[in-house]
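Here is the structure we will look at, set down as structure tokens.
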Amino acid sequence: MITEIASKYDSSGVEDKWYEYWMKQGFFHSVPDQREPYCIVIPPPNVTGVLHMGHMLNNTIQDILVRRARMMGKNACWVPGTDHASIATEAKVVAKLKEEGIDKANLSREQFLGHAWEWKTKHGGIILDQLKKLGASCDWERTCFTMDEALYESVIDVFIDLYNKGLIYRGIRMVNWDPKALTAVSDEEVNHKEVNSKLYFVRYRVEGTPDEWVTIATTRPETILGDTAICVHPEDERYQHLLGKRILVPLISRSIPIIYDEYVDREFGTGALKVTPAHDINDYNLGLKYKLEVIDTFNPNGTMSEAARLFVGEDRFVVRKKITEELKNNGHIVKIEDYTNKVGYSERTDEVIEPRISVQWFMKMKELAKPALDLVEDDTILFHPSKYKNMYRHWMANVTDWCISRQLWWGQRIPAFYLPDGTFVVARSREEALAIANLNCKDQDSKFKLTDLKQDEDVLDTWFSSWLWPISVFDGIRKPDNPDIQYYYPTNDLITAPEIIFFWVARMIMAGWEYRKAIPFKNVYFTGIVRDKQGRKMSKSLGNSPEPLDLIRLNGADAVRVGMLLCSPAGNDLLYDDALIEQGRNFCNKLWNAMRLVKGWPVDDSMAQPDVNKVSVEWFDAAFNASLQNINALYDDYRLSEALMAAYKLVWDDFCSWFLEMIKPAYQHPIDRPTLEAAIGFFEKLIKVLHPFMPFITEEIWQILEERKTGESIMISSQPLPKDYDQGLIDKFGYAEEVIMAIRNARKEKNIPQKEAIRLFIRKNNNEAPDITYDSLVGKLATSVSLAMSKKKWMAAFHL
RNA sequence: GGGAGCAUAGCUCAGCCGGUUCAGAGCAUCUGCCUUACAAGCAGAGGGUCACAGGUUCGAAUCCUGUUGCUCCCA
């Protein structure tokens, strides 16, 4: 019998076979019913994304929770889907068109969107198919995309609603401008990096004097042409004599005032600050305070504008070099020092962000943030690990308005329609906008026509659709009373990365409260970042990221899942190492061979259960239940990797190393029926406990272990429930273990071969009757030991 | 510049309210075994002044203060 089953577990073939089976049986699909729901919405990956190690970890965790909930009798629903990722996807489509010799600028909006949808259809959702290889038990019939009609309309409805509530407004603000993507980005999309740069000390001549100068220090000499003031500290004695004077901007000799404000740090540089309201947020605020002129010297693409007067059309970084030369030649450079400072880079394009004045749409955050903060503070929503509460609190307390417009085409177009007079109407459609525009117009001739209306060209920030995700996937915005949203919302757990706690998590909580008066999820589990062995982030340029699908093909999804999870407690980074996957693979093999062993035993129905087997079964039953209670407690704490480790040790140590050895019949001897049945019963419970972690091999073993009917599956079976157990049995067995290990050790120290029998003398303890529960086991497991009671002192094990 | 967190075996971590699982786990290492389930295995073993310095206490890895080093978030 054993010879029929390979001694090494081979995942190939097994995994696809069972995934297809599960799909065919519809096990992943969920519809509302009488059971308690358990729901997770997937953090939607970018529509053009491909599976990377971070997804593997994140989705493995989701699958574990969903599969376990399903086996706990809940109606489990895991909603998959993808995000249109407006800026990232648009960048990819633009690049692809460029390769084909097509310039976006020469396309109409409709033509471009045609290309974008084509791209989406072709490449979109690849990642979802890849998730199937991982074993993800998503309800694929519910797959959503953030630009699906229902979700698109939900976004528009919410925009209109918030606009009508006065929470969305249009305003002139300084925004983070990405000169490469040619769009505004939110504060959260800017990464600050430390860079080595120069600090230029530039002297400006005081107007009306032949040789009186003010020296300022700047890291950005190219912005000098946009200066509209010089600012010094009001108490700085060095500059008191300049009161009321004016200064000339170098090279162009534009006359600008000198202003006095406490904002200036007297210690920094020379204590004099050049003020460029168009190109620095702090300068902008100073400009507002002193009503300074704003001279925008940059074009949207980061080249110098006409307003700069010099270097027009040249890139700002080229100009930095050129203007430095020019300033030098004209005697304006006092000195140049090395300097390190933080520079903002676009998260998407890695381009240096320029602060830029522009008209954008904003959302007021203060009002929405308040309840969202409270819900986390009072543990209505639980963060795992809880340390992220601090981070959350800090951000929510200092939240600023959210710039939600993006100068892109791929996304939900802002539903604002401009009238010829410059005013605008916010409405669901052009027709509706027209009706509103004409509402107060009695005179038939002066009424607006459809063609008078011009829709806003911009689209909404991607996160303005993802923040509705837990609601919109159930169409809960458009149809707030539909059975799905009523049943599945609030969802249970959200599994995500801490880096999007503000982008996404915080805003979902706000949207949930605003539109459902209910939290979007009860628990948030923050995963760590997958890094390489040296702790570096996985990246394409480093080439340190393994290809997930290759890992699965080579080792099996179960091995990959186990390997990744074993070393990733919530919130801790995971240092990826091939050895982890190997450990997972070895564990699969261990399970496989345990199955081979148990299935290989011939059974003798006439045989009575030997005492040694009876006590073994009783002990393991106790050990199993003790461990199961522990595992369940770890799940409750969201300590999934520890739960897996506990199950791992239960199987490997308790079940395989101890229990199976205890009941193992001598070679070619049969086992008694009650013991075999107990063993198979235990085995079945164990693989059920393991199923959420390793879905494929547990299904394979479960199907081999006993005859199953079509339509049966471990994934829809029930998790074993912990029973009361006798701790005394476990303790007593602990002593037996110690004795056995001591004997094995003695045998080894004295070089006594396994086959050679030894006799162990045990000193009787006073008058108490000795406990002989495990004596027979000691004889069996320490191999070739016979026990004898002695009143003499215990001497040592010795040869017979 | 503001805030948060971390420092325990070679590596990754667990040790929450200070004292009966208090120095632990997995991996790695070393030694001996191809013992009829598994060498992707079995049986053993070694390994830590719990970052440093003070303090509180009968008692500190655990609480307090300071120092050093690292990480993350925000500006």
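Below, chains carry the letters A, B, ... as their sequence lines are ordered, and counting in each starts from 1.
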Work out how far the [atom1] atom of [N] is from that of [M], and round it to whole angstrom.
{"N": "B/A39", "M": "B/U12", "atom1": "C1'", "result": "25 Å"}
{"N": "B/U8", "M": "B/G15", "atom1": "P", "result": "14 Å"}
{"N": "B/G5", "M": "B/C63", "atom1": "P", "result": "12 Å"}
{"N": "B/G46", "M": "B/U62", "atom1": "P", "result": "27 Å"}
{"N": "B/C22", "M": "B/C16", "atom1": "C1'", "result": "15 Å"}
{"N": "B/G18", "M": "B/C58", "atom1": "C1'", "result": "13 Å"}
{"N": "B/G47", "M": "B/A23", "atom1": "C1'", "result": "13 Å"}
{"N": "B/G3", "M": "B/G19", "atom1": "P", "result": "32 Å"}

From C-beta outward on [X], which listed nucleotide comes closest to its side chain: [options]?
{"X": "A/Phe502", "options": "B/C42, B/C73, B/G26", "answer": "B/C73"}
{"X": "A/Gln583", "options": "B/A37, B/C27, B/A40", "answer": "B/C27"}
{"X": "A/Tyr648", "options": "B/A75, B/C27, B/C38", "answer": "B/C27"}
{"X": "A/Met391", "options": "B/C38, B/A37, B/C73", "answer": "B/C73"}

Within the pair [X] and [N], is there a side-chain N or O less than 4.0 Å away from OP1 or OP2?
{"X": "A/Lys8", "N": "B/A37", "answer": "no"}
{"X": "A/Asn390", "N": "B/G3", "answer": "no"}
{"X": "A/Trp658", "N": "B/C42", "answer": "no"}
{"X": "A/Lys599", "N": "B/A37", "answer": "no"}
{"X": "A/Lys590", "N": "B/C42", "answer": "yes"}

Polar side chain donor-acceptor pair, A/Asp672 to A/Asn613, under 3.5 angstrom =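 Their side chains do contain a donor-acceptor pair, which is all the 3.5 Å distance test asks for.
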Quick one, give me the B/S/- string for nucleotides 12-19 of chain B, reading 5' to 3', where B means a protein heavy atom under 4.0 Å from the base and S means that only happens at the primed atoms, P, OP1 or OP2.
-> SSSS----
Hey, does the side chain of [X] reach the backbone of [Y] with a donor-acceptor pair shorter than 3.5 angstrom?
{"X": "A/Asp558", "Y": "A/Phe696", "answer": "yes"}
{"X": "A/Ser627", "Y": "A/Phe624", "answer": "no"}
{"X": "A/Asp654", "Y": "A/Phe659", "answer": "no"}

What's the base orientation of B/U21: syn (chi within 90° of 0) or anti?
->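 Syn, which is what one calls it when the glycosidic angle falls within 90° of 0.
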Glycosidic class, syn or anti, of B/U12 using a 90° window around 0 |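 Judged by the O4'-C1' to base torsion, B/U12 sits in anti, the angle falling more than 90° away from 0.
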Once you round it to whole Å, what is the distance between [atom2] of [N] and [atom1] of [X]?
{"X": "A/Leu565", "N": "B/A25", "atom1": "CG", "atom2": "C1'", "value": "16 Å"}
{"X": "A/Asp280", "N": "B/A75", "atom1": "CG", "atom2": "C1'", "value": "12 Å"}
{"X": "A/Leu597", "N": "B/U35", "atom1": "CG", "atom2": "C1'", "value": "14 Å"}
{"X": "A/Asn191", "N": "B/A75", "atom1": "CG", "atom2": "C1'", "value": "14 Å"}
{"X": "A/Leu650", "N": "B/G26", "atom1": "CG", "atom2": "C1'", "value": "16 Å"}
{"X": "A/Tyr576", "N": "B/C11", "atom1": "OH", "atom2": "P", "value": "21 Å"}
{"X": "A/Phe526", "N": "B/U71", "atom1": "CZ", "atom2": "P", "value": "22 Å"}
{"X": "A/Asn630", "N": "B/A25", "atom1": "CG", "atom2": "P", "value": "15 Å"}

Nearest-nucleotide comparison on RNA chain B, the residue closer to the 5′ end among A/Arg585 and A/Lys649 |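 Looking at RNA chain B, the more 5' nearest nucleotide goes with A/Lys649.
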Residue whose closest nucleotide on RNA chain B lies nearer the 5' end, A/Tyr667 versus A/His192 =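 Per heavy-atom nearest nucleotide, the more 5' residue is A/Tyr667.
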Indicate, with a heavy-atom threshold strictly under 4.0 Å, whether A/Cys588 touches base, sugar-phosphate, or nothing.
->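 Since no nucleic acid heavy atom lies under 4.0 Å of A/Cys588, the category is nothing.
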Answer with base, sugar-phosphate or nothing: what part of the nucleic acid does A/Ala594 contact at a heavy-atom distance below 4.0 Å?
->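 Base contact - A/Ala594 has a heavy atom under 4.0 Å of at least one base atom.
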Compute both the distance and the angle, then confirm whether A/Arg173 meets the cation-pi test with A/Phe362: under 6.0 Å from the six-membered ring centre, within 45 degrees of the axis.
->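 The answer is yes; both the distance and angle limits are met.
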Examine A/Arg356 relative to A/Trp177 and say whether NZ or CZ is less than 6.0 Å from the centre of the six-membered ring and inside a 45° cone about the ring axis.
->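 Positive - A/Arg356 is close enough to the ring of A/Trp177 and near enough to its axis.
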Qualifying salt bridge (Lys or Arg N to Asp or Glu O under 4.0 Å) pairs, either residue in residues 681-701 of chain A, two or more places apart =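 Sorted pair list: A/Lys17-A/Glu700, A/Glu684-A/Arg708.
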In dot-bracket, 5' to 3', how would RNA chain B read with Watson-Crick or G-U wobble pairs under 3.5 Å, [ ] for crossing ones and | for pairs to another strand?
-> (((((((..((((.....[....)))).(((((.......))))).....(((((..]....)))))))))))).
With the side chain counted from C-beta on, respond yes when A/Glu677 and A/Ile680 share a heavy-atom pair under 4.5 Å apart, and no when they do not.
->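 They are not in contact (no side-chain heavy atoms under 4.5 Å apart), so the answer is no.
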Tell me every residue that passes salt bridge (charged side-chain N to carboxylate O under 4.0 Å, His left out) with [X], counting only those two or more places apart in sequence or in another chain.
{"X": "A/Lys370", "value": "A/Asp374"}
{"X": "A/Lys289", "value": "A/Asp261"}
{"X": "A/Asp401", "value": "none"}

Which value, rounded to the nearest 0.5 Å, describes the distance between A/Leu644 atom CG and A/Arg561 atom CZ?
->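 Going from the CG atom of A/Leu644 to the CZ atom of A/Arg561 covers 10.5 Å.
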Does a distance-only test, which skips hydrogens and angles, find a donor-acceptor pair under 3.5 Å between the side chain of A/Glu661 and the base of B/A37?
->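 Indeed, a donor on one side and an acceptor on the other fall under 3.5 Å apart.
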